[in-house]
Amino acid sequence: MNWFQNWMLPKAAATHAGDVDGLYMFIVYLTIFFFFFNGALILYAVRKWRRRSAKEVTPHITHNTKMELIWSIIPLFVVMGIFFWGFKGYVKAWVPPNDSMEIVVTAKKWVWQFEYPDGTRTLNDLHVPLNKPVKLVMHSEDVIHSFFVPSFRLKRDVIPGRYTELWFTPTEPGVQQVFCAEYCGKGHSDMLARIFVDTPEQYETFLREGDEQVRKMPLKDLGKLVYENKGCATCHSLDGTRGQGPSWKGIWGETGKGADGKPYTVDANYIRQSVLQPQAVVVQGFEPIMPTFQGLLREREILGVIEFIKSVK
Ligand code: HEC
Ligand SMILES: [Cu+2]
């Protein structure tokens, strides 16, 4: 058993996490030690200096220089040690290495968008190669969000009008969970992203052809996945309830009215247009707030959405 492994948080999955856990667990053990040490001293004093007879008078003691020096200087060195240990880790955590790969992160209600060096963009799924330093340059399009990866022990606010950075070197292959850690409205708790830590080959394939899922899943399932993972669910319901956007229940094949009063029919082309140019036809009674998904969804994902909407009866 590694005593400096943190059992209160998910398994450490990036270089930085080990540093945090080491110091964190050190402080936990130190606290436990002093809890019992001080407790024992108190019990000792209570017993040794208890009042033994009714006539006994407490001697008048003002202070004890030797003891005061001991209980000031020893803790001073202990906390200085903790400070420098933490400061070293802090500097390491906030200064990315020069050769790190840069990914631009855009947060908006309620999705995370990632843009890779080659221009590829994804929503809520971040792919990174194993054991390579990655630097995230983050900003928000609306309110303050916070990018939090428990297994990397990293959290940083994502702010409109300013860039914040975060860097890590993933050390475990697999999937890591990202949360938004700053309450940002109704969809806050759905503002989840996943970090896929790929082998170099998997990463190359991802850049070329997209996700394994995107390539292989049946269209209808893929559409459902897009609905759940790419933010559609925060505005569109499947059961007929009106959200920020119209429900998808039973809309396939129906005719609706645009804001300008012109009728339209929900078919494949209409859905495709709604996703890529949502403002081209705005459904009557709704605000034109749907963001465009141009460049964010692959062709196959749009086909998936169409199949999925067909199936929502
Ligand atoms: C921020 C909220 C929001 C998000 C996120 C959102 N939409 Fe929308 N959507 C709307 C609104 C509002 C409308 C109606 C106004 C309009 O047509 O622009 C709409 C309209 C639509 C329509 C036309 C529906 C109809 O009844 O005619 C489709 C199709 C659609 N969205 C698909 C999607 C898909 C697919 C996604 C996810 C990839 C998505 N939307 C994400 C708000 C949103
Ligand atoms: Cu958020």
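Both ligands and their constituent atoms are indexed starting at 1 by order of listing.
If you check each of Y227, W110, Y270 against atom 27 (O) of ligand 1, the one with the closest non-hydrogen atom is Y270.
Protein heavy atom closest to atom 33 (C) of ligand 1, with residue, atom name and distance, is M290 CE, 3.2 Å. Atom 26 (O) of ligand 1 has as its closest protein heavy atom P246 CG, 3.6 Å. Counting protein heavy atoms only, atom 36 (C) of ligand 1 is closest to C232 SG, 2.8 Å. Protein heavy atom nearest atom 32 (C) of ligand 1, with residue, atom name and distance: W248 CZ2, 3.4 Å. Protein heavy atom at the shortest distance from atom 28 (C) of ligand 1 is S274 CB, 3.6 Å.
The shell of residues lying under 4.0 angstrom from ligand 1, judged by heavy atoms, includes G231.
Note on R272 versus E299: salt bridge recorded, some NZ/NE/NH1/NH2 to OD/OE distance being below 4.0 Å.
For K224, the NZ atom counts as loosely surrounded, since its 6.0 Å shell holds 12 or fewer non-hydrogen atoms of other residues, nucleotides or ligands. Annotation: D99, atom CG; neighbour count of heavy atoms from other residues, nucleotides and ligands within 6.0 Å is above 12. Around OH of Y270, the count of heavy atoms belonging to other residues, nucleotides or ligands within 6.0 Å exceeds 12.
Interface of F286 with ligand 1, defined as ligand atoms under 4.0 Å from a residue heavy atom, comprises 14 (C), 15 (C). Listed by atom number, the atoms of ligand 1 under 4.0 Å from V275 heavy atoms are 35 (C). Close approach of ligand 1 to V305 is summarised as follows: ligand atoms under 4.0 Å from at least one heavy atom of the residue are 35 (C). Annotation for ligand 1: atoms under 4.0 Å from non-hydrogen atoms of C235 are 1 (C), 2 (C), 3 (C), 4 (C), 5 (C), 42 (C), 43 (C). Near Y264, with a cut-off below 4.0 Å to any heavy atom, the atoms of ligand 1 are 25 (C), 27 (O). When each atom of ligand 1 is checked for a heavy atom of E287 under 4.0 Å away, the hits are 12 (C), 15 (C).
Residue H145 approaches the Cu ion (ligand 2) most closely through its N/O/S atom ND1. Looking only at N/O/S atoms, H236 comes nearest to atom 8 (Fe) of ligand 1 through NE2.
Using cut-offs of 30° and 60° on the angle between ring planes, the pair F26 and W85 is tilted.
You'll find the side chain of M138 stays beyond 4.5 Å of the side chain of E165, heavy atoms only.
Ligand 1 has no N or O atom lying under 3.5 Å from any N or O atom of G245, backbone or side chain. Where the criterion is an N or O separation shorter than 3.5 Å, residue side chain and backbone included, P278 meets it with respect to ligand 1. Considering both main-chain and side-chain atoms, V283 comes within under 3.5 Å of ligand 1 through a nitrogen or oxygen pair.
The six-membered or imidazole ring of F206 lies near that of Y116, with a centre-to-centre distance under 6.0 Å. For F168 and H16, the distance between ring centers is not under 6.0 angstrom.
Within the coordination shell of the Cu ion (ligand 2), defined by N, O or S atoms under 2.8 Å, S146 is absent.
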